[in-house]
Number of protein chains: 2
Amino acid sequence: MPAQRPARRSPAMDALSQDTKSRILDAAESLFTAHGFEATSLRQLTTAAGVNLAAVNYHFGTKEELFQAVLTRRLDPMNQERIDLLARYEREAGGRPLSCEKILSAMLIPALRLSRDEKRGGKDFLRVLGRAYADPAPFIRSFLSEQYAEMISRFKDAFLKALPHLTKQELTWRLHFVMGALSYTLAGTDALKLMAHVLPNDKDNDEMLLQRLAPFLAAGLKAPLGDTKKLELVSGT
Amino acid sequence: MPAQRPARRSPAMDALSQDTKSRILDAAESLFTAHGFEATSLRQLTTAAGVNLAAVNYHFGTKEELFQAVLTRRLDPMNQERIDLLARYEREAGGRPLSCEKILSAMLIPALRLSRDEKRGGKDFLRVLGRAYADPAPFIRSFLSEQYAEMISRFKDAFLKALPHLTKQELTWRLHFVMGALSYTLAGTDALKLMAHVLPNDKDNDEMLLQRLAPFLAAGLKAPLGDTKKLELVSGT
DNA sequence: ACGCGATTCAAACGCCCGTTTGAAACTATC
DNA sequence: GATAGTTTCAAACGGGCGTTTGAATCGCGT
């Protein structure tokens, strides 16, 4: 088992050669992004990180626990930031309900910050996260459930006040769609190639992306309740 | 290699015991849904299908080709149906641009049909598809690109006419969001547990789901262009 | 300088993977 | 009913997997 207080390294420990644990986390983040959880082997991972094969099991226990560690390292602070930002907005509004766009900002801005603040890890992480949303593995699903429970609950309350024409159930669905568009968008830069060669490939891609996503989601959330007859199945031909 | 014209089976070949190829495809569809591509082994797959281990390689070549076969079997007809339905709507409209909702219907109705028409395969398939969208594996990405190219291009043209206030580039992004919300929604019934215990667990779940999704997406597509200043990064605290 | 816990390391463990093989079983045709 | 082609089958192949082990190494407190 790893020590509670890790031993210090030799005299020069610069930013380039971090400690083993961080090196593993960084390599894992990027490799899980590139190949997915199952398709990433601990051998390629430890090689990429420049550490011994056994280091993963020593520091994290199992491969699954490593994956959870990859997620928590960034997800925990990001969701906390979301909650704090929402609380701050609510304080500033002093009782009056927040606008839909404002609440969305509280969700998107921390994600946007994350994608830009890190040297490289930020974007990789958001992609890992986007993929994790769609992963059926139980240990991933239950882990995400726990991680998100509080944040989702708070934002649902906020949205309920901002969108009084929606029932609780309708809002649940729409939040589901929001999370879908968000995670998919974060997960798949490549996916854009499905439909276009338009991508300008900027460096601040993600900022532009979220600035386009926000109005789209806000409009969707504010939409009037659907007409039940709209999607009637059309018979043949 | 498999024969061009498969030999006929013994006298009684009822619906319950299909031919080997279909049995493999069905089992693959459901197992890829449950565990993902990488995490599904050919041994559990062939066991579940009640066929010999070597049957997959005999009939499909490799595991990857099997996965592509799983996708094409249903994706090809579904996308063709989408294109045909859109063409029919355009014909009926006679020159006038279609409404956003109408175009969305042409995308969603074939998916909805698929999810209901099959005995069991339909829903499983849509989940496999939703997951495939987020998969980084190159053979999946390029395969989907090809499969979707024509459909996406046609719908983009239609949306461009329906939404003249959008630039081509803006529309590309919004279509991206649409595909995101759609695929995520199709992929993850489980994901709903992230935020609620509301799910009524109906049989015609998917129909209700898409009827809620359509107004949401239509509103998002029709949203005015975003305010560039909206998502400004807020400084600390 | 020594001891001790924390960490690294090379090697091995047992297991399951995707694929291949060659013979057996089957079926349609002559 | 022999023949040729298609499909099934049991068995094996080589290799990579996640994890464990036990010894070597490191770095600090005393």
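Model, not experiment: these values are computed from the prediction. Residue numbering restarts at 1 for every chain, and letters A, B, ... go by the order of the sequence lines.
Between B/Arg23 atom CZ and D/dT8 atom C1' the separation is 12 Å, expressed in whole Å. The nearest whole Å value for the distance from the CG atom in B/Leu42 to the P atom in C/dC17 is 9 Å. A/Leu66 places its CG atom 12 Å from the C1' atom of D/dG18, with the value rounded to the nearest Å. What separates NZ of A/Lys63 from P of C/dC16 is a distance of 16 Å, to the nearest Å. Straight-line distance from the NE2 atom of B/His35 to the P atom of C/dC17: 12 Å, rounded to whole Å. Note: CD (A/Gln44) to C1' (D/dC17) measures 11 Å, nearest angstrom. Rounded to whole Å, the distance from NZ on A/Lys21 to P on C/dA6 is 13 Å. Across the protein-nucleic acid pair, B/Glu65 atom CD and C/dT19 atom C1' stand 12 Å apart, rounded to whole Å.
Between A/Thr20 and the phosphate of C/dT8, there is a side-chain N or O to OP1/OP2 separation shorter than 4.0 Å. Close to C/dT8, at under 4.0 Å from its OP1 or OP2, lies a side-chain N or O of A/His59. Neither OP1 nor OP2 of D/dG18 sits under 4.0 Å from any side-chain N or O of A/Thr62.
Residues A/Ala54 and A/Ser41 each lie close to DNA chain D; by heavy-atom proximity, the contact nearer the 5' end of the strand is made by A/Ser41. Nearer the 5' end of DNA chain D, as judged by each residue's closest nucleotide, is the contact made by B/Leu53, out of A/Asn52 and B/Leu53.
With C/dA10, D/dT19, C/dA6 as the candidates, the nucleotide lying closest to the side chain of A/Arg43 is D/dT19.
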What do the steps show when you test B/Asp26 against B/Arg73 for salt bridge (charged side-chain N to carboxylate O under 4.0 Å, His left out), and what is the final call?
CA-CA 10 Å; B/Asp26 289 342; B/Arg73 176 170 67 151; 3.0 Å; yes
Step by step, work out the ring pair (Phe, Tyr, Trp, His ring centres under 6.0 Å) result for B/Phe37 and B/Phe67.
CA-CA 8 Å; B/Phe37 175 75; B/Phe67 186 77; 5.1 Å; yes
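In this structure, B/Thr40 reaches the sugar-phosphate backbone alone: every heavy-atom distance under 4.0 Å involves primed, P, OP1 or OP2 atoms, never a base.
B/Thr46 contributes no side-chain N or O that, together with a main-chain N or O of B/Asn52, makes up a donor-acceptor pair within less than 3.5 Å.
In this structure, the ring of B/Phe177 has its center less than 6.0 angstrom from the ring center of A/Phe216. Centroid-to-centroid, the aromatic rings of A/Tyr148 and A/Tyr133 come within less than 6.0 Å.
End-to-end axis angle of the helix from C/dA1-D/dT30 to C/dC30-D/dG1, from C1' rotation axes over five pairs per end: 0° (rounded to 10 degrees).
Between B/Leu45 and B/Lys63 the shortest side-chain heavy-atom distance does not fall below 4.5 Å. Looking at heavy atoms from C-beta onward, A/Leu71 lies out of side-chain contact with A/Asp76 at the 4.5 angstrom threshold.
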